[in-house]
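Report on the following structure.
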Amino acid sequence: MYPEYLVTPMREELTRVGFEELKDAEAVKNAIEAPGTVFVMVNSVCGCAAANARPAARMATQNSKHPDKFVTVFAGMEKEAVDTARNYMLPYPPSSPAMALFKDGKLVHMIERYQIEGRPAQMIADNLVSAFDQYC
């Protein structure tokens, strides 16, 4: 677990643009299983989250077609919420950061850490926008 003062600015990067923080298993379950589309970002303190993942997620929220809901869980903080989100992301192995798009409770698009590391935020955002255009 990280000190809250350390992760607060990282949380706010996403909540400022409309992401809802999910802090327990029930909230994750309710969000993912709800009808419609939901984008889940597994946030992280790592450098690739700061330089690539969070900026890409913020950019993608600006697309004209987007999920009904944007939510986030924070790796290393709310373990129950993160574990529950990761269970919905199976068969993909746990990674953070990670990004997943669900439609009517089913995983339809996944971006793992290895697809985030070393890639420009715009490239990741373009990947997300393509998924949003297809599924939302």
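Across every non-hydrogen atom of V73 and A85, the tightest pair is CG2-CB, 4.2 Å. Across all their heavy atoms, C136 and K65 have their closest contact at O-CE, 2.9 Å. Nearest heavy atom pair, residue S95 against residue P97, reads OG-O, 3.6 Å. Smallest separation of non-hydrogen atoms from V42 and A75: CG1-CB, 4.1 Å.
Under the 4.5 Å side-chain contact rule for hydrophobic residues, M41 and V82 do not share a cluster. The hydrophobic cluster containing M99 also contains L14, counting ILVMFWY residues as joined when their side-chain heavy atoms lie under 4.5 angstrom apart, directly or transitively. Connection of Y88 to V108 is not established within any shared hydrophobic cluster, with ILVMFWY side chains joined at heavy-atom distances below 4.5 Å, either directly or through further cluster members. Transitive grouping of hydrophobic side chains (ILVMFWY, heavy atoms separated by less than 4.5 Å) keeps F132 and V71 in distinct clusters. Criterion: ILVMFWY side-chain heavy atoms under 4.5 Å apart, direct or through other members. Under it, L107 and I116 are not part of a common hydrophobic cluster.
The main-chain N or O of V38 is never found under 3.5 Å from a side-chain atom of D68 such that the two would form a donor-acceptor pair. With hydrogens and angles ignored, the 3.5 Å screen pairs a side-chain donor or acceptor of N43 with a backbone N or O of M10. Looking at R86, its side chain never comes within 3.5 Å of a backbone N or O of Y92 through a donor-acceptor pair. No donor-acceptor distance shorter than 3.5 angstrom exists from the side chain of N63 to the backbone of H66, with no hydrogens or angles considered. In this structure a side-chain-to-backbone donor-acceptor pair under 3.5 Å is present from D104 to G36. A donor-acceptor pair is defined here as one N or O able to donate and one able to accept, closer than 3.5 Å; such a pair exists between the side chain of E80 and the backbone of A25.
Taking the six-membered ring where the residue is Trp, F19 and F70 present tilted rings, their angle falling between 30° and 60°.
Between R11 and M77, the closest side-chain pair of non-hydrogen atoms falls below 4.5 Å. A 4.5 Å side-chain heavy-atom check between N127 and Q115 finds every atom pair outside the cut-off. L101 has its side chain out of reach of K103: every pair of non-hydrogen atoms, C-beta onward, lies at least 4.5 Å apart. Looking at F74 and E21, their side chains never come closer than 4.5 Å, going by heavy atoms from C-beta outward. Within the 4.5 Å cutoff, the side chain of C46 has no heavy atoms near those of the E117 side chain.
One finds the CG atom of L22 at 13.5 Å from the NZ atom of K29 (value rounded to the nearest 0.5 Å). One distance of note links NZ of K79 with CG of D24; it measures 14.5 Å at 0.5 Å rounding. For the atom pair R113 CZ and S44 OG, the distance stands at 6.0 Å (nearest 0.5 Å). For the atom pair CG (L128) and NE2 (H109), the distance works out to 6.0 Å, reported to the nearest 0.5 Å. Considering CZ of R54 and OG1 of T72, their distance stands at 9.0 Å, rounded to 0.5 Å.
Annotation: K106, atom NZ; neighbour count of heavy atoms from other residues, nucleotides and ligands within 6.0 Å does not exceed 12.
Side-chain contact annotation: R119 with N52, donor-acceptor N/O pair under 3.5 Å absent.
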Margin query: Determine whether E4 and K23 satisfy the following criterion, salt bridge (charged side-chain N to carboxylate O under 4.0 Å, His left out), listing intermediate values before the conclusion.
Written below: CA-CA 13 Å; E4 186 59 40; K23 295 193 175 186; 5.3 Å; no

